[in-house]
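Comments concern the structure below.
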2 protein chains.
Amino acid sequence: MILQLNMSSDTPIYMQLRNQIVMGIGSGELKTGEGLPSVRQLAVDIGINMMTVSKAYNILKNEGYIEIDRRHGAKVREDLDSNRKPTEKLEYGLSLLAAESKAKGMDKETFLKICEKTFNDINTQKLKEHRAC
Amino acid sequence: MILQLNMSSDTPIYMQLRNQIVMGIGSGELKTGEGLPSVRQLAVDIGINMMTVSKAYNILKNEGYIEIDRRHGAKVREDLDSNRKPTEKLEYGLSLLAAESKAKGMDKETFLKICEKTFNDINTQKLKEHRAC
DNA sequence: TATATGTATTATAATAAGTAATACAAAGTT
DNA sequence: AACTTTGTATTACTTATTATAATACATATA
C-alpha cells in the first residue's frame, strides 16, 4: 500500500497515516489479517520518526482497526468486519455534515446520492490534504 | 436560540459556537436573514470573551453561512440556500466516515439509512460534546 | 546469540491553539 | 457634537500539540 504524506499539511503526520490506513481498509486494499510494516520499517520508508508511526498505530488499535503483537507487529484485525454498530463518531460527524449541507440548500436526494457514491468508491487518496478530527 | 457550551470539552469554544449555529441553520431554527446577537452581547450572555465570539462569526462568514455588517452586526445570509454544490468538506468528511463504516463491516443499506435519518432529524444538541474538525 | 518486534522514557524544539484585555475605526442615534 | 453600538486589530500570555531524537527495555524468533 502506498502512503503519501504531505508535510506541509495542517493535518499531523500521525493523523494522515491513521486516515490513509483506515481508507486502505475501507477500500479493501488492506485485508483483514493483513500485516502492516513494522514501526521502524515504515518510519525509515517515509522518512519520519519511529514514534510518530507508533502513535498512528496505537490510535488505530484503540479505535479497533488493528491489533498489535509485540512479537509479530501490527495487523488488521481478523474480526474487524463483525462490528456493525454505528459508532458515535459516525452519528456526530454525519449530523454536522448533514446540517452544513441542509443549511446550504442541498436537498435530501442529492445528499443521499453523494453518500451512496462515496460509500461505493472509497478512494485512498481523497484525504491527503484534509483534516479528519 | 439556546447555545450550550461545554467548557470541559476538548472542542474549542469558538468551534462549539460555530457548530451549534450551523446546526441551528440546518435545523431551520435560524432562518435566512435572521440576525445573530452582537459579539459583545453573546459574549456577556455566555460568559466568554468577545474575541472568541468574533472568531466563530468570522469562520461562519468565511464558510459562507453568515454576513457581517459593521453597522448592523451578523445575520444569516439571505442567499444561503441557493448554494447547492457539494463542498469539498462534505466529500472528504464523508469519505472518511464511509471508509470507517465500511472497514468495520457496515453494509451500504445500513450506512444510507443512517445518512437519511440524520439528514431528516438535524438535532442542534447532538454535537455538544464532540469535535468537528 | 543475534535479530526482530513494539514500548517506555526523557529531552528538546518549534509551532499552534486558545483566551483575554485593550484600543481602534466606522456608523448610527440623541 | 457627544454618545452608543457595531465589528476589528493588536498584543500578550499561557497552554497544548507535534515531531523528533537518543536510549533503553521486554519479548519472542531464527
Side-chain angles (χ1 to χ4, degrees), chain A residues 3-21 33-77 127-133, chain B residues 3 5-21 33-77 128-133:
Chain A
L3 295 170
Q4 292 186 313
L5 298 184
N6 176 2
M7 309 307 271
S8 307
S9 168
D10 59 349
T11 304
I13 298 173
Y14 72 85
M15 191 55 68
Q16 294 185 47
L17 270 180
R18 178 267 176 200
N19 289 344
Q20 292 197 33
I21 291 172
E34 184 168 345
L36 298 173
S38 74
V39 293
R40 281 178 179 78
Q41 185 63 52
L42 188 50
V44 169
D45 285 352
I46 55 188
I48 61 174
N49 191 275
M50 191 171 53
M51 295 309 291
T52 304
V53 179
S54 180
K55 189 167 183 178
Y57 278 13
N58 271 283
I59 290 173
L60 289 164
K61 183 184 75 173
N62 291 332
E63 292 179 330
Y65 292 104
I66 68 175
E67 49 195 5
I68 301 176
D69 181 350
R70 185 189 292 277
R71 332 194 266 300
H72 304 110
K75 65 174 184 177
V76 182
R77 272 181 62 171
L127 285 189
K128 265 189 300 185
E129 311 284 340
H130 282 259
R131 155 151 294 165
C133 54
Chain B
L3 295 170
L5 298 184
N6 177 0
M7 308 309 272
S8 307
S9 168
D10 59 348
T11 304
I13 296 173
Y14 71 85
M15 191 56 67
Q16 294 184 47
L17 271 180
R18 178 267 175 200
N19 289 344
Q20 292 196 32
I21 292 172
E34 183 168 346
L36 298 173
S38 74
V39 291
R40 280 178 178 78
Q41 185 62 53
L42 188 48
V44 169
D45 285 353
I46 55 188
I48 62 175
N49 190 275
M50 193 172 49
M51 295 309 293
T52 305
V53 180
S54 179
K55 189 167 184 178
Y57 279 14
N58 271 283
I59 290 173
L60 289 165
K61 182 184 74 173
N62 291 332
E63 292 179 330
Y65 292 104
I66 69 175
E67 49 196 4
I68 301 177
D69 181 349
R70 184 189 291 278
R71 330 194 268 300
H72 304 110
K75 66 173 184 177
V76 180
R77 272 181 62 172
K128 265 189 301 185
E129 311 285 339
H130 283 258
R131 156 152 293 165
C133 56

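Order of the sequence lines fixes the chain letters, A, B, ..., with proteins taken first and strands second; residue numbering starts at 1 for each chain.
Only at 4.0 angstrom or more do the heavy atoms of residues 57-64 of chain A sit from any atom of DNA chain D, so none qualifies.
The nearest whole Å value for the distance from the CD1 atom in A:Ile68 to the P atom in D:dT27 is 17 Å. Going from atom CG of A:Asp10 over to atom C1' of D:dT18 covers 13 Å, rounded to whole Å. Distance, B:Ile46 CD1 to C:dG18 C1': 15 Å, rounded to whole Å. Between B:Lys55 atom NZ and D:dG7 atom P the separation is 18 Å, expressed in whole Å. Computed from coordinates, the A:Met15 CE to D:dA19 C1' distance equals 14 Å when rounded to whole Å. Atom CD of B:Gln16 and atom P of C:dA17 are 17 Å apart (whole Å). What separates CG of B:Leu42 from P of C:dT19 is a distance of 13 Å, to the nearest Å. For the pair A:Ile48 CD1 and D:dA21 C1', the interatomic distance rounds to 14 Å; values are reported in whole Å.
Using a 4.5 Å heavy-atom threshold, the side chains of B:Arg18 and B:Glu63 count as touching. Here the side chains of B:Tyr65 and B:Ile21 are not in contact, with every heavy-atom distance at 4.5 Å or above.
Nearest to the side-chain atoms of A:Arg40 among the listed nucleotides C:dG18, D:dA24, D:dT29 stands D:dA24. The side chain of A:Met51 has C:dA8 as its nearest neighbour among C:dG18, D:dT8, C:dA8.
In this model, the phosphate group of D:dA19 is not approached by any side-chain N or O of A:Tyr14 to a distance below 4.0 Å at OP1 or OP2. At the phosphate of C:dG6, neither OP1 nor OP2 sits under 4.0 Å from any side-chain N or O atom of A:Ser54. For A:Thr52 and D:dA19, the shortest distance from a side-chain N or O to OP1 or OP2 is not below 4.0 Å.
Partner of B:Tyr57 under the side-chain contact (heavy atoms from CB on, under 4.5 Å) criterion, out of B:Leu42, B:Thr52, B:Leu17: B:Leu42 alone. Each of A:Ile46, A:Asp45, A:Val44 was evaluated against A:Ile48; a single residue qualifies, A:Ile46, per the side-chain contact (heavy atoms from CB on, under 4.5 Å) test.
Taking a cutoff of 4.0 Å between a charged side-chain nitrogen and a carboxylate oxygen, A:Lys75 and A:Glu34 do not qualify as a salt bridge.
When heavy atoms are screened at a 4.0 angstrom cut-off, B:Arg71 is found touching the sugar-phosphate backbone but no base atom.
With rounding to the nearest 0.5 Å, the separation of CD1 in B:Ile13 from CG in B:Leu5 is 6.5 Å.
Where A:Met50 and A:Arg70 meet DNA chain D, the nucleotide closest to each residue was compared, and A:Met50 sits on the side nearer the 5' end.
A donor-acceptor pair is defined here as one N or O able to donate and one able to accept, closer than 3.5 Å; such a pair exists between the side chain of B:Gln16 and the backbone of B:Asn6.
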